[in-house]
Amino acid sequence: MIYTMLLIDIMGWLGGFLILLAFAMISTGRLDRYCLSYHLINIIGAILLIINTAYLKAYPSMAVNIVWVAVGFYGILNRKKGENSKILC
């Protein structure tokens with residue numbers, strides 16, 4: 001039980017870090033919104049937060065992260081083709 005909670009906590013912290021990392025990369029110009037890596041970092045971070053918030057029964061936060069994942073997939077499906085569609089921009 002204690003190891004389960006530790007793993008859930010680590011997933012939550014890592015998820016939050018990944019989402020903040022994606023935001024920082026966009027804000028500093030290291031990535032742009034068409035980069036696949038930007039969307040994947042956001043999606044993975046949100047999935048980790050979904051697991052964390054579901055376990056903790058924090059359903060409003062879980063719902064926000066479900067929407068965040070959907071937005072990330074929307075961004076992947078609708079990003080511009082060409083030079084900016086590389087995996088790492």
Side-chain angles (χ1 to χ4, degrees):
M1 174 78 172
I2 193 163
Y3 294 113
T4 301
M5 194 61 221
L6 177 63
L7 181 60
I8 294 296
D9 283 343
I10 290 170
M11 293 171 91
W13 281 104
L14 182 58
F17 172 78
L18 289 174
I19 289 174
L20 290 174
L21 175 66
F23 179 73
M25 298 287 278
I26 287 285
S27 296
T28 59
R30 295 182 186 268
L31 293 177
D32 68 37
R33 64 188 179 119
Y34 300 114
C35 294
L36 180 59
S37 55
Y38 165 70
H39 295 292
L40 292 176
I41 292 168
N42 265 316
I43 290 168
I44 293 167
I47 289 170
L48 291 172
L49 284 171
I50 289 168
I51 294 167
N52 175 272
T53 55
Y55 186 84
L56 297 173
K57 297 181 181 171
Y59 300 120
S61 296
M62 186 177 79
V64 168
N65 285 293
I66 289 170
V67 171
W68 199 253
V69 169
V71 169
F73 280 117
Y74 177 83
I76 288 173
L77 295 174
N78 292 295
R79 63 195 180 98
K80 290 183 180 177
K81 301 296 181 214
E83 190 172 321
N84 286 334
S85 64
K86 297 176 187 173
I87 290 179
L88 297 174
C89 298

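Computed from a predicted structure; not experimentally measured.
- Considering every non-hydrogen atom in both Ile41 and Leu18, the closest pair reads CG2-O, 3.1 Å.
- Qualifying side chain to side chain contact (heavy atoms under 4.5 Å, CB included) partners for Met62, counting only residues two or more places apart in sequence or in other chains: Ile50, Thr53, Ala54, Tyr59, Ile66.
- For Asn42, the side chain to side chain contact (heavy atoms under 4.5 Å, CB included) partners are Ile19, Ala22, Tyr38, Trp68, not counting sequence neighbours.
- Side-chain contacts under 4.5 Å among hydrophobic residues (ILVMFWY), followed directly or transitively, place Phe23 with no other residue at all.
- Annotation for Tyr3: hydrophobic cluster partners, listed by chain and number, are Ile2 (ILVMFWY side-chain heavy atoms under 4.5 Å, direct or chained).
- Think of Val64 as one node in a network of Ile, Leu, Val, Met, Phe, Trp and Tyr side chains linked at under 4.5 Å; it has no links at all.
- Sorted by first and then second residue, the side-chain hydrogen bond (donor to acceptor under 3.5 Å, both in side chains) pairs involving residues 5-26 (not counting sequence neighbours) form an empty list.
- Under a 4.5 Å side-chain heavy-atom criterion applied to ILVMFWY residues, the cluster that includes Leu20 comprises that residue alone.
- Annotation: the span from Met25 atom CE to Ser37 atom OG amounts to 7.0 Å, rounded to 0.5 Å.
- Distance alone, capped at 3.5 Å, places no donor-acceptor pair between the His39 side chain and the Val71 backbone.
- When the options Leu49, Leu48, Ile43 are evaluated for a side chain to side chain contact (heavy atoms under 4.5 Å, CB included) with Asn65, the one that passes is Leu49.
- Taken together through direct or relayed side-chain contacts under 4.5 Å among Ile, Leu, Val, Met, Phe, Trp and Tyr, Tyr34 and Tyr74 form parts of separate hydrophobic clusters.
- Listed by chain and number, the residues in a side chain to side chain contact (heavy atoms under 4.5 Å, CB included) with Ile10 are Leu6 (sequence neighbours excluded).
- Under the side chain to side chain contact (heavy atoms under 4.5 Å, CB included) criterion, Ile51 pairs with Ile8, Met11, Ile47, not counting sequence neighbours.
- Within the 4.5 Å cutoff, no side-chain heavy atoms of Leu14 are placed close to those of Ile44.
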